[in-house]
Amino acid sequence: MRFVKKISTLKKIISHRKKKGDIIGFVPTMGYIHEGHLSLVRTARKQSQFVVVSIFVNPPQFGPKEDFRAYPRDLKRDMQLLKKEGVDVIFNPTNKEIYPEGYKTYVEVFDLSKILCGVSRPTHFQGVTTIVLKLFNIVQPDIAVFGKKDYQQTVIIRQMVKDLNLDVKIVIGKIVREKDGLAMSSRNTYLSNDERRRAVVLYRSLQWVKNAYKKGLRNPKKATQRINNMISKRGGRVNYVEAVDKDTLKPVRNLKKGTLIGLAVYFGKTRLIDNIII
Ligand code: PAF
């Protein structure tokens, strides 16, 4: 496994591999690797011959009051975990390498980036699409794997790939959960023991809505209000709970197959997201 910090070095490695005919698989991450990331790496490995994982905590996707500085980092551990999975290259550029002085270009997928998480994080997705496009240009992957927990992100990236005619296949990996159902996230480490116990309500409320749908619930307002109540009772501060179409992310009039229930909730200062498709 090679550890690369320079764009020019990575480009040379990739061009060599491409000449050999290797399919390049790519998993972009912000590090603090957990089982969720590792399952994306396994998906990438199955579909490619050469796997690149980037570890870069991307400043533009954090708002001024968000957790860029506090975001958990443990490069040594990340490297060990990724080596075990047979990753070929870790790309870990500095901020300066990615955003040198005088940097001015940002990419935005209109509309989709201003709803759901984009309401309270208005510049977040612009930061995400900018870094993802830059990483695609650097890594030139044939396939790139993203996690389903960040569902809105996957829809926005697919839209960017389509709109900008990028030659990369986007693969979405499943949500990996802790034993009690909490979706794995690097941010889970922020939770106190008490918050961690309470946070299970996110998964439970999503399971509830899935079952309620099976039993005949069709009213999205009733569904989201009930979820809201369940979460509030457990001390979560709901940022949003919405029932939307899984492809367009537009609100639905009736719950139906393919409806996405997405939510963002604060426990203390920690903002967690989760979703389910019914
Ligand atoms: O999902 C993430 O970890 C990040 O948003 C990504 C895609 C690595 C871009 O920084």
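Order of appearance sets the numbers: ligands from 1, and atoms from 1 within every ligand.
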Sub-4.0 Å atoms of ligand 1 with respect to non-hydrogen atoms of P28: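 With P28 as reference, the close atoms of ligand 1 come out as 8 (C).
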
Enumerated ligand 1 atoms positioned under 4.0 Å from heavy atoms of I131: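 Counting atoms of ligand 1 from 1, those under 4.0 Å from I131 are 9 (C), 10 (O).
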
Between the side chains of [Y] and [X], is the shortest nitrogen-to-carboxylate-oxygen separation below 4.0 Å, so that they form an ion pair?
X	Y	result
E97	K6	yes
R177	D274	yes
R196	D180	yes

Can you pull out the closest protein heavy atom to atom 5 (O) of ligand 1? Residue, atom name and distance to 0.1 Å, please.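 For atom 5 (O) of ligand 1, the nearest protein heavy atom is Q153 OE1, 2.7 Å.
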
Using 30° and 60° as the class limits, which term best fits the ring planes of Y190 and Y71: parallel, tilted or perpendicular?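 The rings of Y190 and Y71 stand perpendicular, inter-plane angle above 60°.
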
Among H37, Q61, K149, M30, whose heavy atom sits nearest atom 9 (C) of ligand 1?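 Closest candidate by heavy-atom distance is Q61.
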
